[in-house]
Structures are given as C-alpha cells and as structure tokens.
A.B. asks: 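One structure follows; several queries about it will come next.
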2 protein chains.
Amino acid sequence: MVLSLANESSYKEKKVITIGIVKELTGLSERQIRYYEERKLIFPDRTPGGSRRYSFADVEQLVEIANKIEDGVQTYEIRQEMIRDKKHKDAEAHKKMIQGQLNARFGVRKH
Amino acid sequence: MVLSLANESSYKEKKVITIGIVKELTGLSERQIRYYEERKLIFPDRTPGGSRRYSFADVEQLVEIANKIEDGVQTYEIRQEMIRDKKHKDAEAHKKMIQGQLNARFGVRKH
DNA sequence: AAACAATGTTAGGTTTCCTTACACGGTTGT
DNA sequence: ACAACCGTGTAAGGAAACCTAACATTGTTT
C-alpha cells in the first residue's frame with residue numbers, strides 16, 4: 001500500500017465543490033439542491049463565509065435522490081431509506097471490527 | 001472492469017475547485033496561484049463568468065511547483081522541465097499506440 | 001378544504017473572485 | 001553598478017456567485 005494513494009481515494013469525499021458546479025454536474029437547480037439539504041438528504045460543508053461545499057460523493061448522492069424523486073418517492077421516504085441503510089452499514093462495520101479483534105487475539109499471527 | 005469506475009478515476013482530473021479552496025488545500029496565496037498560471041505552469045478552466053476552476057491534479061501540481069520554487073528553481077526552468085516531461089510522456093504514448101496497432105494485426109487474437 | 005410537497009422566482013445582501021496597477025526586496029545580466 | 005527581471009504583497013473597483021427569506025404555483029395527501 002502506497003501512502004500517496006490515501007489521498008487519491010479521498011478525492012471523492014473531499015468537500016470542495018460549489019453549488020454552481022454541482023448544478024452543472026447534476027443538472028439540478030440550486031433551489032432543488034438547497035431543498036434536499038433542508039430535507040436532510042445531503043450535508044455540504046460550509047466555508048467560514050457561509051458558502052456550501054460539496055464532495056463528488058455528494059454529487060452522486062444528489063443524482064440518486066433526483067432519480068428517486070422522479071420515480072415519485074418523497075423526500076421523507078428517501079430519508080427513511082437513508083437511515084435504514086446507515087444502520088445496516090454501521091452494523092456491518094461493527095461486525096467487522098469485532099471480527100478484527102477476535103483475529104487479533106486468536107487468529108493467525110503476523111509475526 | 002466496472003463502468004462506474006470510469007468516473008471515480010476521473011475525479012482527479014475534473015476541474016471543479018475554486019481558487020479559495022485551492023488556497024486552503026495548498027497553503028499558497030491567491031497571488032501565487034494566479035502568478036503560476038501567468039507563467040504557464042498551470043491551466044485552470046474558467047466558468048462562463050470568468051472564475052477559475054481547478055482539478056485535484058492541478059492542486060498536486062501546484063504543490064510540486066511551490067516546492068521547486070522554495071528550492072530556488074525559477075518558473076521558467078520549471079516550465080522547461082514540464083515541456084520536457086510532456087514530450088517524453090507523449091513519446092511513450094505514441095510507442096504504446098504503435099504497439100497496440102501491431103498487436104491488433106499480428107498479436108494474439110482475442111476471438 | 002386545509003395542509004403539505006416540490007419547485008420557481010424575486011429581492012436585497014454578503015462573499016468570493018476578477019483584473020490592473022503599484023511597491024518592494026532579491027537575483028541576474030551586462 | 002545598475003537596469004531588468006523575479007516572485008510576492010497589497011489595494012482599488014467591479015463583477016460573479018452565493019446566501020436567506022418570502023411569496024407563488026401546482027399537485028398530492030389528509
């Protein structure tokens with residue numbers, strides 16, 4: 001594993017994109033983008049001055065949201081889904097961590 | 001090969017970052033960032049309104065430039081290096097392309 | 001019918017960015 | 001030595017981009 005790669009892979013999560021660019025990338029209106037934030041579907045960072053900054057992951061998320069809304073799903077339901085997914089993901093992570101600890105004590109030694 | 005990965009890998013090249021964020025990411029002043037552009041070391045896109053937009057690759061490039069300048073290298077020399085590197089890279093690409101064409105005619109068939 | 005959902009639009013204000021120009025101390029070339 | 005250049009700071013004035021709040025509209029629930 002190369003160290004500089006730790007950066008590259010985090011490009012996707014870095015919050016560096018303005019709403020104007022997000023609008024270009026997604027085809028959504030600024031109104032829509034802000035509204036989905038109001039409905040707690042998306043969580044941009046803010047500059048000290050108060051401007052929103054999004055990540056590429058946020059942009060992908062927005063596209064998914066827009067698709068669901070086009071399919072008639074309401075923001076409230078989308079939010080419920082997100083919460084469900086997050087719980088599931090957290091449980092996975094927890095299981096993995098426990099497994100890691102078990103391996104550390106009883107698993108194959110590395111040295 | 002998964003299609004959605006074609007996107008992920010291009011995050012690095014997409015010009016989506018404002019100069020203010022670049023300043024934060026690199027620690028350089030806006031003056032420096034613009035000056036390196038004036039010296040043809042960096043080539044941001046522009047929005048229709050004229051604002052600069054950088055990629056993560058540009059940000060990395062800027063850090064390299066700043067390091068060289070700290071080492072006393074002049075922008076002119078850095079530019080020469082860049083041109084040399086680009087020529088080398090293009091030659092590589094050309095060689096690879098020729099090789100690809102040879103393979104297509106005489107190499108192992110895929111079907 | 002009243003309430004809510006999703007979106008557009010407008011208004012007024014703030015932040016961020018732009019170019020141009022001058023200053024200045026250090027380096028280079030003649 | 002002195003003119004020219006290098007890299008950077010800073011200031012001014014203006015334009016672009018962003019912000020919130022509010023009201024309007026058209027559907028959809030309740």
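Residue numbering restarts at 1 for every chain, and letters A, B, ... go by the order of the sequence lines.
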A.B. asks: 5'-most contact on DNA chain C: R46(B) or S51(A), nearest heavy atom basis?
C.D. replies: S51(A)
A.B. asks: Examine dA16(D): is either OP1 or OP2 under 4.0 Å from a nitrogen or oxygen in the side chain of R53(B)? Give yes or no.
C.D. replies: no
A.B. asks: At under 4.0 Å, does any side-chain N or O of T47(B) touch on OP1 or OP2 of dA16(D)?
C.D. replies: no
A.B. asks: Hey, what are the protein-to-nucleotides 22-30 of chain C N/O distances that come in under 3.5 Å?
C.D. replies:
none

A.B. asks: Within the structure shown, what part of the strands sits under 4.0 Å from R39(A) by heavy-atom distance: base, sugar-phosphate, or nothing?
C.D. replies: sugar-phosphate
A.B. asks: Report the distance from atom CD1 of I78(A) to atom C1' of dA5(C), rounded to the nearest whole Å.
C.D. replies: 12 Å
A.B. asks: Consider only side-chain N and O atoms of Y35(A) and R31(A), and report whether a donor and an acceptor are under 3.5 Å apart.
C.D. replies: no
A.B. asks: In whole Å, I'd like the distance from the CD atom of E30(A) to the P atom of dA16(D).
C.D. replies: 15 Å
A.B. asks: Taking the six-membered ring where the residue is Trp, are the ring centres of Y11(B) and Y11(A) under 6.0 Å apart?
C.D. replies: no
A.B. asks: Please indicate whether K23(A) has more than 12 foreign heavy atoms, meaning atoms of other residues, nucleotides or ligands, lying under 6.0 Å from its NZ.
C.D. replies: no
A.B. asks: From the set dC17(C), dC18(D), dT8(D), return the single nucleotide nearest to any side-chain atom of I69(B).
C.D. replies: dT8(D)
A.B. asks: Looking at R52(B), I'd like to know whether one of its side-chain N or O atoms comes within less than 4.0 Å of OP1 or OP2 on dC17(C).
C.D. replies: no
A.B. asks: Please report, rounded to the nearest Å, how far the P atom of dA5(C) is from the OH atom of Y36(A).
C.D. replies: 14 Å
A.B. asks: Ignoring backbone atoms, establish whether Y35(B) has a side-chain N or O less than 4.0 Å from OP1 or OP2 of dT8(D).
C.D. replies: no
A.B. asks: Between E60(B) and K12(B) (salt bridge meaning N to carboxylate O under 4.0 Å), is one present in this structure?
C.D. replies: yes
A.B. asks: Side chain of T75(B), heavy atoms from C-beta onward: which of dC18(C), dC6(D), dT7(C) has the nearest atom to it?
C.D. replies: dC6(D)
